[in-house]
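Being a predicted model, the structure only gives us computed values, none of them experimental. Order of the sequence lines fixes the chain letters, A, B, ..., with proteins taken first and strands second; residue numbering starts at 1 for each chain.
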Amino acid sequence: MGLKLFNTMGREMQEFVPINKGEAFVYACGPTVYNYAHIGNLRTYIFEDILRRVLEFSGYKIKHVMNVTDVGHLTDDADSGEDKMEKSARETGRTVWDIAKFYTDAFFSDIESLNIEKPEIVCRATDHVGDMIDLIKKLEDKGYTYVSGGNVYFSIDKFADYGKMALLDRQNLQAGSRIEVDSNKRNPHDFVLWFTKSKFENHAMLWDSPWGKGYPGWHIECSAMSMKYLGESFDIHCGGIDHINVHHTNEIAQSEAASGKKWVNYWLHGEFLVMNKSKMAKSAGNFITLSTLKEKGYDPLDYRYFCLSGHYRSQLQFSFESLDAARTARVNLVDRVKALNAEALGAVSDKLSDKGTLYLEDFKSGIEDDLNCPKALAVFWTMLKDQNLEAGEKLSLSLMFDKVTGLELSVKKDEKEEIEELDDNIRRLIDEREEARKSKDFARSDSIRSELKMLGIEIKDTPDGTVWKKL
RNA sequence: GGCGCCGUACCCAAGCGGUAAGGGAGAGGUCUGCAAAACCUUCAUGCACCGGUUCGAAUCCGGUCGGCGCCUCCA
């Protein structure tokens, strides 16, 4: 039984068959770095990380490319509007390059704390303008473009399959129902490949091109960079569900028009994180960042666990109540594995029993069924609670499963080291409480316990003695 | 207006034709000086509603109601 993925192209479940045996080439749309990523954005990167880990678990060697969009996305209207980078720069008094650097760093810091594996190749749009120009020239040579009002447009009527993935009916497309149509366009759904005319003056990011000084349109970077690093045809392209209709539809048109080949075999799209019944967006006033969660005392991995509790193709309902549930579940999971470590003295069983093998198969069938993480977590918990499985085997399975879940279960914090970190005052209190308990002075011991709780230390008296843990 | 998706317990959420996974919360119990933790037990004759197909439907079909998204930059 192999890996099955839901392909947006054709809207059906398909067995994953890579172009090159044993290798998976993946392109994922990355961040636009004019602001912080919010946790809704981050959900998509967690989904892509799970895809990576499942492919690795299934034995594929991965080449994963992610772009960083540091130019070219506009704030409003179809093909006008102010460049978001420029707007952000103007508002904060920094240069566009500073803005890009700052938010790129912030993004990768978030990614790292969520234990997301970094793609093999991360590429910035501004470093690849030459590649984009080459691609536009190719499209021009093949007759897919026209120049109007100073800008280079892609003519969608020249590309027969336009809108195939999005299930767009070209005859019934209603452009302009919500926005003003750019009068330079022959077809309202044509899109810009290269701008030389912007209605905003003093554009800071400009490059020379055969069509004049300007900047690239906002779909061309993904086509240019993916083909540069992964070839004209590759296996998987993923991104947020909102990209299906416009961004990915246009990318397909320009890429396949240029190469004359099928560009991508499998399209995977992650659903939205919703909050109070609507998608997370700054304009809706429900914009939460990972920093906000950290300030509230959550571990980034609490959010990762939360995301794993839902399927990537379903909307996930965010609330702090649910996040609390995820935090508790994650901490319990970590504690259980820690306990297994202690019980098995860290020795994993190298051989699995029939029962253990069954759990492994169950887990695999979950993740191979279009990355069904909720199913995989359910198997994980059932395995941990199985009273007929020995600790070493449970530990071994846990560490295997965590290759996919990425909850850092194998990073066992040495409790002795933690004790070293405790300052003397706390250690003295713990000792003092032990003395009090021995002499049956329970009022004293209880007051010390509450004092420690104020300091963030929780005490538990087990049959094997008193243990403590940081809250 | 066009198109796509969804509605499962107090909360989150799997299941997608064979008789309701998992987590969190809640309840009871064992243990404990008391707690906490751990462990055990318990928690939807029911899957928005109404019809239909079927030996059998949360799962398929039709309708109704409710919600979300895309068609504008957007994860």
Under a 4.0 Å N-O cut-off, is there an ion pair linking A:Arg327 with A:Asp299?
no
CZ of A:Phe306 versus C1' of B:rC11: gap in Å, rounded?
11 Å
What is the distance from CZ of A:Phe320 to C1' of B:rC12, rounded to the nearest Å?
15 Å
Base, sugar-phosphate, or nothing: which does A:Arg327 touch, judged by heavy atoms less than 4.0 Å apart?
nothing
For nucleotides B:rU30 and B:rA37, find the distance between their C1' atoms and express it as a whole number of Å.
13 Å
Paired with B:rA37 by Watson-Crick or G-U wobble geometry, both distances under 3.5 Å: which nucleotide is it?
none
What's A:Ser445 touching, base or sugar-phosphate or nothing? Going by heavy atoms closer than 4.0 Å.
base
Span that lies between the C1' atom of B:rU8 and that of B:rA14, in whole angstrom
10 Å
Scan A:Arg336 against the nucleic acid and name what it touches under 4.0 Å (heavy atoms): base, sugar-phosphate only, or nothing.
sugar-phosphate
How would you label the contact of A:Leu323 with the nucleic acid (heavy atoms, under 4.0 Å): base, sugar-phosphate, or nothing?
nothing
Just to be sure I understand the rule, does A:Glu271 reach a base, reach only the sugar-phosphate, or reach nothing, if contact means heavy atoms closer than 4.0 Å?
base
Distance under 6.0 Å and angle within 45° of ring axis: A:Lys118 vs A:Phe108:
yes
When both hydrogen-bonding distances must be under 3.5 Å and the geometry is Watson-Crick or G-U wobble, what is B:rG17 paired with, if anything?
none
Looking at B:rG22 and A:Trp381: do their rings stack (centroid distance under 5.5 Å, interplanar angle under 30°)?
no
Tell which nucleotide pairs with B:rG4, taking only Watson-Crick or G-U wobble pairs whose two distances are both under 3.5 angstrom.
B:rC68
Mind checking A:Val246 for me? I need base, sugar-phosphate or nothing, with any heavy atom below 4.0 Å counting as a touch.
sugar-phosphate
Sugar-phosphate, base or nothing in reach of A:Lys385, heavy atoms under 4.0 Å:
sugar-phosphate
Send over the distance from A:Phe363 CZ to B:rA14 P, rounded to a whole Å.
16 Å
Under a 4.0 Å threshold between the charged nitrogen and the carboxylate oxygen, would A:Lys185 count as salt-bridged to A:Asp190?
no
